[in-house]
There are 2 protein chains.
Amino acid sequence: MKTMHKEHTLTKNQQIIFDLIDKSSEPMKAYAILFNVQKKGIKAPLQVYRALDKLVEIGKIHKIESRNAFIACHNSSCQVAKATAFSICEICEKVTEISSAGLSKYLANFKDKDGMKYSKYNLEFFGLCKKCR
Amino acid sequence: MKTMHKEHTLTKNQQIIFDLIDKSSEPMKAYAILFNVQKKGIKAPLQVYRALDKLVEIGKIHKIESRNAFIACHNSSCQVAKATAFSICEICEKVTEISSAGLSKYLANFKDKDGMKYSKYNLEFFGLCKKCR
DNA sequence: AACACTATGTAATAATATAACATATATTAG
DNA sequence: CTAATATATGTTATATTATTACATAGTGTT
């Protein structure tokens with residue numbers, strides 16, 4: 001069975017920028033992206049930010065808020081940018097998307113003191129990765 | 001020998017900036033802080049950022065990463081900036097620190113696929129607050 | 001007093017992100 | 001098909017957030 005996700009055909013700029021982020025081994029910052037795609041005709045910050053906004057919205061990439069950087073989503077179970085969790089190494093800055101059914105279930109069902117549930121969350125764990133320990 | 005747990009007496013700038021954030025009903029941004037404390041002699045962004053860094057480090061305030069803003073810690077059980085959770089209203093931008101023993105326990109003990117535990121985390125929930133629903 | 005450490009003051013600049021406006025392309029309704 | 005609507009692009013300028021570099025001052029320890 002195929003994915004339930006709606007198919008989003010990316011536009012030219014979105015595709016260029018997604019491809020770059022997707023093949024990067026680490027989160028990319030907006031101006032690093034800009035520098036890399038200038039040879040492809042994307043000249044201005046706003047062109048990059050617009051594509052990034054859209055890609056985040058449709059869940060193709062995620063923003064690592066504590067780093068102002070973007071990574072491709074490699075987690076088919078993540079609910080289109082609504083429920084994200086990452087581990088971040090404080091030495092080498094390696095970022096990995098966490099895919100844990102238990103964690104997502106726990107957080108999706110979490111209610112605060114007032115019994116309020118939330119439609120969206122972002123979780124960032126910090127520590128040392130295997131190599132840096 | 002001195003005590004192991006150093007008492008963090010705030011310096012002049014730190015105290016001025018902490019007081020401002022502490023009495024604010026909403027998260028404050030660095031340049032809003034700067035504007036507010038200029039009459040007290042703090043003139044430059046760096047003076048603000050240095051105080052903010054220190055206050056975050058000692059756990060008196062927290063940074064809301066998705067908003068680039070700072071709020072005072074009102075959660076005596078939060079482990080000095082090591083384990084933070086917030087709810088954020090996407091309409092009115094009200095931010096509340098979440099104090100849930102269950103949540104902190106779950107996250108503090110969370111292990112990823114490789115069995116790795118993390119020394120620190122930050123969680124931001126998004127949704128609509130009571131008033132905005 | 002000498003030392004190390006932390007905090008402060010100041011100017012300049014780097015890095016991140018958006019506003020405003022014009023044009024073009026794609027999608028949908030009639 | 002064509003007009004209307006919505007979405008995407010191009011471009012310039014500017015706003016917002018944060019740091020580098022260097023000089024000075026205060027604090028605590030030996």
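For the residue pair A:Asn13 and A:Gln15, no side-chain donor N or O sits within less than 3.5 Å of a side-chain acceptor on the partner.
Counting only heavy atoms from C-beta on, A:Arg50 has its side chain closest to C:dC21 among C:dC21, C:dT8, C:dT18. Among the nucleotides D:dA18, C:dA7, C:dA17, the one closest to the side chain of B:Tyr31 is D:dA18. Out of D:dA8, C:dA11, C:dA17, the shortest distance to the side chain of B:Leu46 is found at C:dA11. Which of C:dT16, D:dA8, D:dT19 sits closest to the side chain of A:Lys54 comes down to D:dA8. Closest to the side chain of B:Asn68, out of D:dT17, C:dT16, C:dT18, is D:dT17. Considering only side-chain atoms of A:Lys12, the nucleotide from C:dA17, C:dT8, D:dG10 that sits closest is D:dG10. Proximity note for B:Gln47 (side chain, C-beta onward) versus D:dT9, D:dT12, C:dT8: the nearest is C:dT8.
In this structure, B:Ile17 and B:Leu52 have side chains that are in contact, with non-hydrogen atoms separated by less than 4.5 Å.
We find that CD of B:Glu65 is positioned 14 Å from C1' of C:dT16, with the value rounded to whole Å. Residue B:Ile42 contributes atom CD1, which lies 16 Å from atom P of C:dA11 at whole-angstrom precision. In this structure, CG of A:Leu52 is placed 18 Å from P of C:dA15, rounded to the nearest angstrom. Taking atom OH of B:Tyr49 as the reference point, atom P of C:dT10 lies 19 Å away to the nearest angstrom. If you take CD1 of A:Ile17 and P of D:dG10, they are 10 Å apart, rounded to a whole angstrom. One atom, NZ of B:Lys63, and another, C1' of D:dT17, lie 8 Å apart when rounded to the nearest Å. The distance from atom CG of B:Leu10 to atom C1' of C:dT6 is 14 Å, rounded to the nearest whole Å. Atom C1' of nucleotide D:dT16 and atom CE of B:Met28 are separated by 15 Å, given to the nearest angstrom.
Of the charged side-chain nitrogens involved, at least one lies within less than 4.0 Å of a carboxylate oxygen, so that A:Glu90 and B:Lys120 count as a salt-bridged pair. Ion pair B:Arg67/B:Glu93 flagged as a salt bridge, since at least one NZ, NE, NH1 or NH2 atom sits closer than 4.0 Å to an Asp/Glu carboxylate oxygen.
Axis deviation across the helix from C:dA1-D:dT30 to C:dG30-D:dC1 amounts to 40°, comparing end segments of five pairs, rounded to 10 degrees.
Here the side chain of B:Ser87 pairs no donor or acceptor atom with the backbone of B:Gly127 at under 3.5 angstrom. With hydrogens and angles ignored, the 3.5 Å screen pairs no side-chain donor or acceptor of B:Asp114 with any backbone N or O of B:Met116.
Note on B:Lys43: every side-chain N or O is 4.0 Å or more away from OP1 and OP2 of C:dG9. Using a 4.0 Å cut-off, no side-chain N or O of B:Lys29 falls inside it from OP1 or OP2 of D:dT16.
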Handout entry: Verdict with reasoning, A:Glu124 to A:Ser66, per side chain to side chain donor-acceptor pair (under 3.5 Å)
Key = CA-CA 8 Å; A:Glu124 298 180 8; A:Ser66 66; 2.6 Å; yes

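Residue order along DNA chain D, read from the 5' end via each residue's closest nucleotide, puts A:Asn13 first among B:Phe70 and A:Asn13.
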